[in-house]
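Written out below as structure tokens is the structure these notes cover.
When a residue number appears, it is its place in the shown sequence, counting from 1. Indexing begins at 1, ligand by ligand and atom by atom, following the structure's order.
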Amino acid sequence: MADEKNILDIETVDLDLKTDELVIIDQTLLPNKTEIIRLSKAEDIWEAINLLKVRGAPAIGVAAAISMYVLAVRINVDENASDEYEVFYKEFARLRDYIDSSRPTAVNLHWALNRMDKLVKSMEGEPVTKILDAMKQEALDIKAEDIWVCKQIGENGLSLVKPHDGILTHCNAGKLAVCKYGTATAPIYLGHERGYEFKVFADETRPLLQGARLTAYELQSAGVDVTLICDNMSGLVMRNGWVNAVFVGCDRVAANGDVANKIGTSMVAALAKRYNVPFYVCAPTSTIDMDTACGNDIKIEQRPSTEVTEMWYNEPMAPKGVKVYNPAFDITDNELITAIVTEYGIARAPYDVSLKQIMDKKTK
Ligand code: MRU
């Protein structure tokens, strides 16, 4: 339990270096309860990602990288056997595929697992203890890079707004979705530190309420002026002239600039276009998937109907047995996006050209 601490001072995702456990905040309990959980079994890690105890594309990526180390340390190998590496890699690959199946849309999960896989393959034939040391370092590097990336996104995003602006955001692309700063919230946090006095509107984000439970909570804890609205209120708020810019995060950016993000994002983008509000997507390059041509090729996660019918209510709020459609993400077409803000600069249409230029700057 860590009830007394400010939520911003608690690591979203961490590796306990003494016990080799994955340490996360159980985000399903926020904001009412701050419970830190420690995981070292594959099934528990899979469930934590699937149930959104740890969530948000970059945080899932960091958790996956740390998890592979945590699980690999526990693989039984005989260090004197000539097939030590083969036995180790076979089990590593099985665990990698299992963790990869926990959620389908955020590409960071796959990206981080791939990075760990590349490392292990590059050390083929080396003693497993040496591979484990390298895996630990790689997982810690991925976490450290996430902090740098978010800070850069914050600086780039901040160049698009001015003091006292109204900013609307959807879901939680905040500190709780990454290791520090957030992506969509990074310009807000940096601006806040520099006295910009933004007025932020946070969509509550049905059905899992990440905007209400997480974004409103972390921004309020930071002392940012934040107003919580229901998802169906953003049209009025924009029509009132209260929003100068929309910043959202994303789970996967296709090569043509179509963006998968939390369900409801495309609705906000369409409204922003209607009211001439710039709509910015904040995307670490680990979320850009040049192998996916367009939004139609992105797999949208479908989640249990009970999240819509009863999860947050004392009693069910829908007739028993009613058909429910519960996609966790939607696709925002690239023509609705004013710019995609990355750690290596700001991409604008035509995105097939600008995203490629951004990706060419990436070294890892
Ligand atoms: O289902 P979630 O809570 O994992 O969805 C999170 C989002 O949609 C975020 O906007 C996205 O992952 C970016 S987080 C920096």
Side-chain angles (χ1 to χ4, degrees), residues 12-13 24-30 48-64 102-112 145-147 149-154 157 168-189 202-219 231 246-253 259-269 279-289 298-304 307-308 311 326-332 337 340-343:
T12 307
V13 188
I24 57 170
I25 307 168
D26 181 349
Q27 298 196 27
T28 62
L29 304 176
L30 293 174
I49 298 174
N50 183 259
L51 294 182
L52 277 56
K53 291 181 183 179
V54 56
R55 33 69 50 204
I60 295 173
V62 175
S102 55
R103 289 192 84 186
T105 307
V107 73
N108 304 60
L109 173 64
H110 191 66
W111 169 86
E145 284 165 29
D146 179 65
I147 297 172
V149 162
C150 288
K151 177 106 194 286
Q152 294 310 116
I153 288 176
L168 185 136
T169 189
H170 189 76
C171 192
N172 175 264
K175 186 257 171 191
L176 288 163
V178 302
C179 296
K180 206 172 172 184
Y181 304 111
T183 58
T185 58
I188 297 170
Y189 282 125
D203 284 346
E204 71 172 345
T205 318
R206 281 279 294 157
L208 293 183
L209 310 181
Q210 290 94 330
R213 295 188 303 106
L214 309 176
T215 303
Y217 179 43
E218 61 166 86
L219 291 179
D231 295 346
V246 175
F247 282 107
V248 295
C250 58
D251 284 77
R252 194 181 293 241
V253 180
V259 160
N261 190 47
K262 180 51 54 195
I263 191 72
T265 302
S266 64
M267 225 165 61
V268 178
F279 181 89
Y280 300 120
V281 173
C282 296
T285 49
S286 55
T287 310
I288 300 174
D289 179 7
I298 299 177
K299 182 164 181 204
I300 301 288
E301 175 183 11
Q302 297 292 324
R303 296 194 58 86
E307 290 179 352
V308 177
M311 190 161 171
N326 185 17
F329 301 95
D330 64 20
I331 305 293
T332 301
I337 298 170
I340 298 178
V341 184
T342 81
E343 71 271 30

Could you tell me whether the side chains of [X] and [Y] share a donor-acceptor contact shorter than 3.5 Å?
X	Y	answer
Asp251	Thr105	no
Thr205	Asp203	no
Arg213	Asn172	no

Quick one: does ligand 1 sit under 4.0 Å from the side chain of [X], the backbone, both or neither, non-hydrogen atoms only?
X	result
His170	neither
Ala106	neither
Val248	neither
Cys171	side chain

Identify the closest protein heavy atom to [atom]: which residue and atom is it, and at what distance?
atom	value
atom 7 (C) of ligand 1	Asp251 OD1, 3.3 Å
atom 6 (C) of ligand 1	Arg55 NH2, 3.5 Å
atom 10 (O) of ligand 1	Asn261 OD1, 2.6 Å
atom 5 (O) of ligand 1	Lys262 CE, 3.3 Å
atom 14 (S) of ligand 1	Ala177 CB, 3.5 Å
atom 13 (C) of ligand 1	Cys250 O, 3.3 Å
atom 15 (C) of ligand 1	Thr183 OG1, 3.2 Å
atom 12 (O) of ligand 1	Ala57 N, 2.8 Å

Enumerated ligand 1 atoms positioned under 4.0 Å from heavy atoms of [X]:
X	answer
Asn172	9 (C), 14 (S)
Gly56	4 (O), 12 (O), 14 (S)
Pro58	14 (S), 15 (C)
Leu52	1 (O)

Look up atom [atom1] in [X] and atom [atom2] in [Y], then write down how far apart they are to the nearest 0.5 Å.
X	Y	atom1	atom2	result
Leu168	Phe279	CG	CZ	9.5 Å
Leu176	Gln27	CG	CD	4.5 Å
Thr169	Gln210	OG1	CD	11.5 Å
Leu51	Arg303	CG	CZ	7.0 Å
Ile298	Asn261	CD1	CG	10.5 Å

Should Ile300 and Ile331 be marked as a side chain to side chain contact (heavy atoms under 4.5 Å, CB included) after you check the CA-CA gap, both sets of side-chain angles, and the distance that decides it?
CA-CA 9 Å; Ile300 301 288; Ile331 305 293; 3.8 Å; yes

Nearest non-hydrogen contact to atom 4 (O) of ligand 1 from the set Gln210, Arg103, Arg252, Gln27 belongs to Arg103

Would you verify whether the NZ or CZ of Lys262 falls within 45 degrees of the ring axis of Phe329 while also being under 6.0 Å from that six-membered ring's centre?
yes

Assess the residue pair Thr287 and Asn108 against the criterion (side-chain hydrogen bond (donor to acceptor under 3.5 Å, both in side chains)); give the C-alpha distance rounded to whole Å, side-chain angles, the decisive distance to 0.1 Å, and a yes or no.
CA-CA 6 Å; Thr287 310; Asn108 304 60; 3.2 Å; yes

